[in-house]
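Only one structure is covered here, and it is reproduced in the block below.
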Amino acid sequence: MSKSTRLDSKENESKLLPIYRHKEELILAVKDSTFLAVTGETGSGKTTQLPKYLHQAGFCKDGKIGITQPRRVAAITVAQRVAQEMQCTLGREVGYQVRFDDCTSQSTVVKYMTDGCLLREILADPVLSQYSVVILDEVHERSLNTDILLGLLKKMFSDSAKAIKGRSFPLKVVVMSATLEADKLSAFLSDCPVFTIPGRTFPVTSTFGFAVGPKDIESAGYLKEVLSFSFESGRELKRACDLLYEKRPTVEGLLILPLYGSMPTDQQRQIFQPPPSGIRKCVVATNIAATSLTINGIKYIIDSGFVKQLNHNSRVGMDILEVVPISKSESEQRAGRAGRTSAGKCFRIYTKEFWEKSMPEYTVPEIQRTSLTAVILTLKCLGVHDVIRFPYLDCPEERFILEALKQLYQFDAIDRRGRVTQLGKLMVEFPLHPGLTRAVLKAASLGCHDLLLPLAAMLSVENIFIRPGHPEKQKEADTIHRALAAKTGSMNDFATLLSVFQLCKSSDRPSAWCKDHWIHWRALKSAFSVETQLREILLRLQQVQDFPVDTFDGDKSELFRRCLCTGYFTNVARRSVGKVFCTMDGHGSMVHLHPSSSLFDQEGKLNWIIFHDVLVTSRMYVRTACPIRYEWVKDLLPKLHEVDVYELSSVAREEVTDEEMIQWETREAAKRQPEVSTEDVIKKLEKRNNEATVGDARARYMQRKQQRQPNKAL
DNA sequence: GAGCACTGC
């Protein structure tokens, strides 16, 4: 087949998509209004075709068409496809931009990108003056960045003076979503028109099972039972399971099992290959299958009903990874995967009662269950001072916002009146948690950023230590990892990470070095890229801004940890009894060192520590830690309690009067007593550690955990 | 003495 014939066939193929019949209407709808909501199921062609139509209709005359995606792979693959259909070289008229990969040029007019990239662009150009159309895709997924973009775009038009001032031609906004959220979106965007494109899906019938908790699913016995025995509703699952095990299935099609555990990454590639004729393929997948993977020909779904989710808990001030029931809408989506190419079946292994009583209608959007510190700083830098009344499609709880403000104040990113500081303006440029950025900037001001940049990169990527399942191998890996930690000459997990980065980077054969040391080469490679990016950002800021310069007259060997303290003083803990540590952030949580830490079993020698993160499993564990001296954080710790909720909410609402400010400052001055003894400060800090609160939080957690245990009686 | 879903800049 010649090249042109192939292209023609692509073009003809696109004319078969459901969206094609609505081409002219769609173009008119975009012309007629500022906001437009477009809904359509997967397969309607909206992601690839709408930008193409708008391009053909002349929307690129003044500016670009930008289309956001929540994920990188999607941005890249869709751009490739559209470039092919429009018969142009990728990176010319049609391009994409994701982190570490900018495939655009001066001539790019149709630009696919991740939502995070567009947010970065808004920081540099708040009215998006280069764009004539912005399309937010997959809005129903409710990713944090897409939600923020939605609010910003809505706000751009309500602050009409501002928007007009910065632009010479109109901006059109299209939001694309699955059907369920369309009316809500329309209401949010001043009752904009909703354009519905029929999808191309087949019916899926669902049946229920008898599992009532993740433990049921976890136990191999149960899974085996489910897969080989029976279902409450009879033969259907039996048939599906027969299909799974039979070498010569009687029905064509695939079967997919969405689980909530991890999947060996090295096996992912084979998933996309069609099975040999007469062999059934079974895909066992995490929720990566919900969005990121498109596997054609799936006919059966087995739905576990659970998902592993990272939730922010503002009660204890930390992120907790937990297994929770999915929402009904998520379950419908899982089921929908079986009906893409023909009629399908979904086997829900939980009871109908569980569906009715324990599963929420919709998934809680990310913005309502995540730490907002970085996002609030971004908003502040965009001139959104009233972060409580920002137009959120779904408002985060006020205490989440207050907690974020408090942290930003603690990191010197905002001042007492909620205004972004010089330091805050530098911090927003880094793709890191503000605390870590604070440590990086401290190091840079002292000229020792070579210590902090690699560390920040290592803390940004997935876990680098491989721990195999095989007991022998596990022992081997543990020994090697411990030796790596010992090499730094001190108990310090941060220093170990830095050392691994440096050792690998300076090795002649870095990938072989990783293999020898049970380290993920892929993770280290991305750490190298992140470090390069962070270094570039730092260099740029040092050239244009009034960059802070500090001096350090302490012991050189303390420099690294002293820098860390400026970003991690919110994560300070003091050893209380035995191996238990008590956090000093005001929550007074009782935490243990994780056994993977080089400080583990050395607790007796420790007093004060700082840590990177907390993991709640059988206990509350802190991972990646190092010992510090109380003197290093003594002056910082009072900052943890300096601001109270009342003041912050005023700051957040921009309601602070001058009178209030004077009152507040007087109170603050009174608090700052001339010389306070160490014991006094500690006493004061520990007094805040309300044990009832901690015990309560713990009890709630255990209760939730209990609820998830198998209940054989049912 | 451990139990790490998934994105994104």
Side-chain angles (χ1 to χ4, degrees), chain A residues 68-75 97-102 113-124 138 141-149 214-215 218 258-263 265 285-293 304 306-311 319-324 326 330 363 365-366 369-370 374-375 377-378 427-434 436-437 456-457 460-469 471 474-475 477-478 481-482 520 523 526 529-530 533-534 536-537 579 592-597 599-601 603 613-624:
Chain A
T68 68
Q69 294 291 327
R71 283 168 303 281
R72 286 193 219 171
V73 203
Q97 189 188 349
V98 298
R99 189 183 188 183
F100 305 128
D101 192 2
D102 183 355
M113 66 191 115
T114 49
D115 48 10
C117 276
L118 188 66
L119 202 50
R120 290 277 141 190
E121 281 194 41
I122 291 195
L123 266 173
E138 313 284 12
E141 284 186 29
R142 307 299 307 276
S143 88
L144 180 61
N145 288 333
T146 296
D147 266 19
I148 293 294
L149 285 171
K215 283 281 167 200
E218 221 163 68
L259 295 181
Y260 54 86
S262 64
M263 168 166 59
T265 45
T286 62
N287 53 343
I288 192 169
T291 48
S292 302
L293 299 184
S304 69
F306 288 86
V307 67
K308 199 165 225 161
Q309 203 171 58
L310 186 71
N311 291 322
D319 293 334
I320 297 173
L321 190 68
E322 51 193 353
V323 176
V324 294
I326 58 169
E330 210 171 333
T363 308
E366 194 183 1
R369 50 180 176 84
T370 201
V375 151
L377 180 61
T378 307
M427 283 167 67
V428 79
E429 299 290 330
F430 289 87
L432 296 173
H433 181 272
L436 192 49
T437 312
S460 304
V461 299
E462 62 210 286
N463 183 25
I464 58 150
F465 297 104
I466 298 169
R467 195 151 192 272
Q474 196 172 84
K475 227 173 155 184
D478 286 353
H481 292 161
R482 250 183 299 240
H520 278 291
S526 47
S529 316
V530 175
Q533 188 196 23
L534 297 177
E536 282 165 5
I537 294 169
K579 294 182 162 195
H592 288 78
L593 277 164
H594 193 269
S596 66
S597 168
L599 281 65
F600 183 79
D601 259 353
E603 287 90 345
D613 62 351
V614 186
L615 177 73
V616 183
T617 50
S618 56
R619 280 174 172 172
M620 266 192 165
Y621 285 110
V622 297
R623 290 187 299 187
T624 321

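These numbers come from the heavy atoms of this one structure, side chains and all, not from hydrogens, waters or symmetry mates.
Atom C1' of nucleotide B/dC9 and atom CD1 of A/Ile148 are separated by 14 Å, given to the nearest angstrom. Following rounding to the nearest Å, A/Arg120 (CZ) and B/dG8 (P) show an atom-to-atom distance of 15 Å. In this entry the distance linking CD of A/Glu138 with P of B/dC6 reads 18 Å, nearest Å. Summarising the geometry, the separation between CG on A/Asp613 and C1' on B/dG3 is reported as 15 Å, rounded to the nearest angstrom. Taking atom NE2 on A/His592 and atom P on B/dG3, their separation rounds to 12 Å, with Å as the unit. Rounded to whole Å, atom P of B/dC4 lies 16 Å from atom CD of A/Glu462. In this structure, A/Asp102 atom CG and B/dC9 atom C1' are separated by 14 Å, rounded to whole Å. Summarising the geometry, the separation between CD on A/Gln97 and P on B/dC9 is reported as 9 Å, rounded to the nearest angstrom.
Between the side chain of A/Gln69 and the main chain of A/Ala75, no donor-acceptor pair closer than 3.5 Å is present. Side-chain N or O atoms of A/Glu536 include none that pairs as donor or acceptor with a backbone N or O of A/Leu534 at under 3.5 Å.
Closest to the A/Leu310 side chain, of the nucleotides B/dG1, B/dA5, B/dC9, is B/dA5. Here the nucleotide nearest the side chain of A/Arg99, chosen from B/dG3, B/dC9, B/dG8, is B/dC9. Out of B/dA2, B/dT7, B/dC4, the shortest distance to the side chain of A/Asn463 is found at B/dC4. In this structure, the nucleotide among B/dA5, B/dG8, B/dA2 sitting nearest to the side chain of A/Pro595 is B/dA2.
Between A/His594 and B/dG3 there is a side-chain polar atom (N or O) within less than 4.0 angstrom of OP1 or OP2. For A/Arg623 and B/dA2, the shortest distance from a side-chain N or O to OP1 or OP2 is not below 4.0 Å. Using a 4.0 Å cut-off, no side-chain N or O of A/Ser596 falls inside it from OP1 or OP2 of B/dG1.
Remark: A/Arg369 CZ to A/Leu144 CG distance equals 9.5 Å, nearest 0.5 Å. Between the CG atom of A/Leu432 and the CE atom of A/Met427 there is a distance of 9.5 Å, given to the nearest 0.5 Å.
Within the nucleic acid shown, A/Ser143 has no heavy atom closer than 4.0 Å to any nucleic acid atom. When heavy atoms are screened at a 4.0 angstrom cut-off, A/Asp478 is found touching base atoms of the nucleic acid. Within the nucleic acid shown, A/Leu144 has no heavy atom closer than 4.0 Å to any nucleic acid atom.
Looking only at side-chain heavy atoms (C-beta outward), A/Asp478 and A/Arg467 come within less than 4.5 Å of each other.
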